[in-house]
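Below you'll find the structure, written out as structure tokens, and then a few comments.
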Amino acid sequence: MNKSYDIIVIGGGHNGLTTATILAKKGMKVLLLEKNKFLGGIASGHEFIPGYRTTGLVHDTSGVRTSVLKQLGLEQFGLKIKNARPDAAILAKDGRGIFLPSDRNKAIEEITKISKDDGEAYRDYRIFIDEIGKFLFPLLNEIPPDLIQFGTKELFALGKKGLALKKLGKKTMTELLKVGPMSVADFLNERFETEFLKAGLLGPSIYASYTGPWSSYTTLNLLMWEVCAREHIVGGPQALVNALEKAAISAGVVIKLQSEVSSINVDKHGMVTGITLKDGAVENSPIVASSCTPQHTFLDLLAPNVIDYPLERSIQNYRSRGTTAKVNIALSNKVKFKFKSDDTIEYARTGNSIDEMEKAFDSVKYRKFSDHPILDIHVPSVSDPTVAPDGHSVLSILVHFAPYHFDAGWNKEQKDRLKDNVEDMLLDYIENSRDEIVGCEVLSPVDFEDQFNLTNGHIFHGEHAVDQLITRPIPYCARYDTPIKGLYLSGSGAHPGGGITCAPGFLAAERIIKHKD
Amino acid sequence: MPVKSPFHPRTSQLCESMNYKEWAGYYAVSSYLVHHDMEYFAFRNSAGLLDITPLYKYSVKGKDAASFLSRIMVKNINKLKVGRVTYCCWCTADGKVVDDGTVMRRGDEEFFVTSADPCFSWFSRFKRGYDVQLEDISTQIAGLALQGPTSRDIIKQITSADMDRLKFFGTTRARVAGFEINISRTGYTGDLGYELWVDNANAIKLYDLLMAEGGRYNIRPAGLDALDVTRVEAGLILKDVDYYNALHALIDDRKSSPYEISLGWTVNLERAPFNGQKALKKEKESGSSWTIVGLDIDWTEIEKLYNSYGLPPEVGSMAWRDSIPIYKDKSKKTQIGYATSGTWSPILKKNIALATIEKKFDKPGATVQIECTVEHIRHTVSARLTSPQFFNPERKKSTPSVENKKQ
């Protein structure tokens, strides 16, 4: 075979860039192909109205793995990380709110202002998170054990996990085993009394998922988010993309933009030979790492007869129902939240009550978007005033829930309706008036799919359901390699899942290196 | 309750025995007379007319029809020429046979597929990525098999389509008394014969025409009992008798690869990926465990065995389909396989069977022992391993137009 590259990475999102750079640093000749004119995928920001920019389509960088960033050497390329999750505000409709600083003691103080019992409960909750983090966090930072080719080695690896679980101590272990499968509503009801606090805390457990607070196993999602939320990046996801790009170039990765792959090529022995681009150009390589969604990789990029039916069926059954929309708002003033008169709040979550959140989810089951959506708000202009004109603000809002499978169809009329819903909701929580809104951009799950090939517009490349986390995305390819020799999954559809973490990209690179040695 | 095929108004009038069985949800005549021998001899000496409507029938059309079928079938359908038919099977991803049937290419982008089991759901699974229209036309099309030495002459009476040129496993459209039918030179008797495919609306007209014109050629309606004898003579395997549909097998041992059921010749391995390719390549390299053979059961030994009890030899006149143990030798220490179906062959004057045996014991001409129960006691008699194709007359493949040219 005419081998031009050691590896081709499909997709220039933060995971694709991570895989490419790690491998290039190991001396491999790497080609990275990106469909868009820019790198970063949904981690990239853009100017949505002249003069107003976001710092990422998604904005939560709290789960980014500093161990990976260190290996990539991103600090030398200007990346600034704060080793704490961002401070966030939890908002209630009646104008109340709780400011939750990353500093635990300060957060307890803030909660105590509302409820003394909840302040204490929060302290216990954080201790529980610390404890289980010792077991969960390592699981989310290594190549998962092989559950298919099960032998002595695998039994030993699983045994070690069992021991690590046991090490938590009887109390914490039984508590983890008890609460993991619970609904997050039940879990928080056991601990807290203030309704809007519970609603605010549970937000990350259901964002982008096909679950409401009363769905089972949502506690596990909350715990996973909590144990990983340890950092944040100054300047948001776009700052990470900028540093990753520089690191990739410096490591020698060949980056081609506006290069959409139309097929992954496989020879008659079932071995990867390279890719073909939409324009017909062919690039050869014995290894292809796809950071696209599993469905796009297997169902769109591979010829239909290349994968066996059981694999195809498994991929088709992989659940990836997008439920998140994005509304970017340009404001001609500083954002002033009702509950706190200063204008320094950068992250805020709404929810108000568990019931309201459940109802917001209900609508997607019936292929409608919520008239009272949950808002996950980032105000990038607080820490980076350059994203908007002087004194103005940008609100980057992830809207839950708005389904990809939408009966009315995503057209301008429906987008305007969603925008109105979001504005109405927002104005319940902020002092600013509607007149201060300069402009708005609405992105539906369909837009995500069109621009980023996200199957059904799912921002995590597939739901974080327990079955899809244990063997992610599916049992046939839960360890980055696939039944197609030379094809790897290196995106959010692989372990440990979606969000801005760099973890799947890094672990896929590790797996590729192991296979090469 | 079974349903009636479009030919039922005629076949039910002719079925004096009232002897029916259920075939794929249809009433199917087992034998028209109380005994099937006249029908058998029609197949072998003149022409037997059999209602094959219960077969499942699919239309596959579209730009990618050939590659779609090539992805499903073990045979490369891309290479099938227009006007030709192929017999083949289709497999699971593990290389185990789901069903067998015929694929007819009626046009560049037009195929007709028959199967024994309903396969619409199975075929549908593989449509993704192919520009193809798959339609289940099982209940729209009626089928007749006209099999036997005079079958060609009969069909020549009802159509001007050139039957002298239609080769073995060829197919053609034909105009018959104001309507169109499809004729394929295929069948399940291992003899000269045709299958005629007609829209339900014209089914009775076609039946009447054939019976009227066939009179001079000793046409006779024939049932499944006679067919069963002929198919064993021809060594043609039957699903659920000689092998199991892999999708219905309750245990893995019941699944078979094409190589294990004498259909290895239908597999085209070296080509674009198809269902089961990887597994079949592996099996081709490492060898198969089982094979289907023919058994020529020693008549003298049967006679002797019965005589030792003071009995004349008893052999059923019907084909049988029981699992009968096959042993390596008289000691019965090593069971090497099992017979799955067999018959007394009136035309060969032989007691024959189809058997699945371990591949390592497959030595043509070797003698094995087959169980034979007389007076409630299990004995064995010798049987010689042969090709399963016991009966294969020259006329099966003869094409008069070509042969005349040669002279």
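The model shown is predicted, which means the values in this text are computed figures rather than measured ones. Per chain, numbering begins at 1; letters A, B, ... match sequence-line order.
Contact record, A:P310 with B:A93: CD-CB, 3.7 Å, taken as the closest heavy-atom pair.
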If you check both backbone and side chains, which donor-acceptor pairs between chain A and chain B fall under 3.5 Å?
from, atom 1, to, atom 2, distance (Å)
A:L299, O, B:R128, NH1, 2.5
A:P304, O, B:R71, NH2, 2.7
A:N305, ND2, B:P273, O, 3.0
A:I307, O, B:R71, NH2, 3.3
A:E312, OE2, B:R128, NE, 3.2

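Residues forming a side-chain contact (heavy atoms from CB on, under 4.5 Å) with A:R319 (at least two apart in sequence, or on another chain): A:R321, A:E463, A:A465, A:D467, A:Q468.
Using a 4.5 Å cut-off between heavy atoms, B:F68 does not touch chain A at all. With a 4.5 angstrom heavy-atom cutoff, A:L299 touches chain B via backbone and side-chain atoms both.
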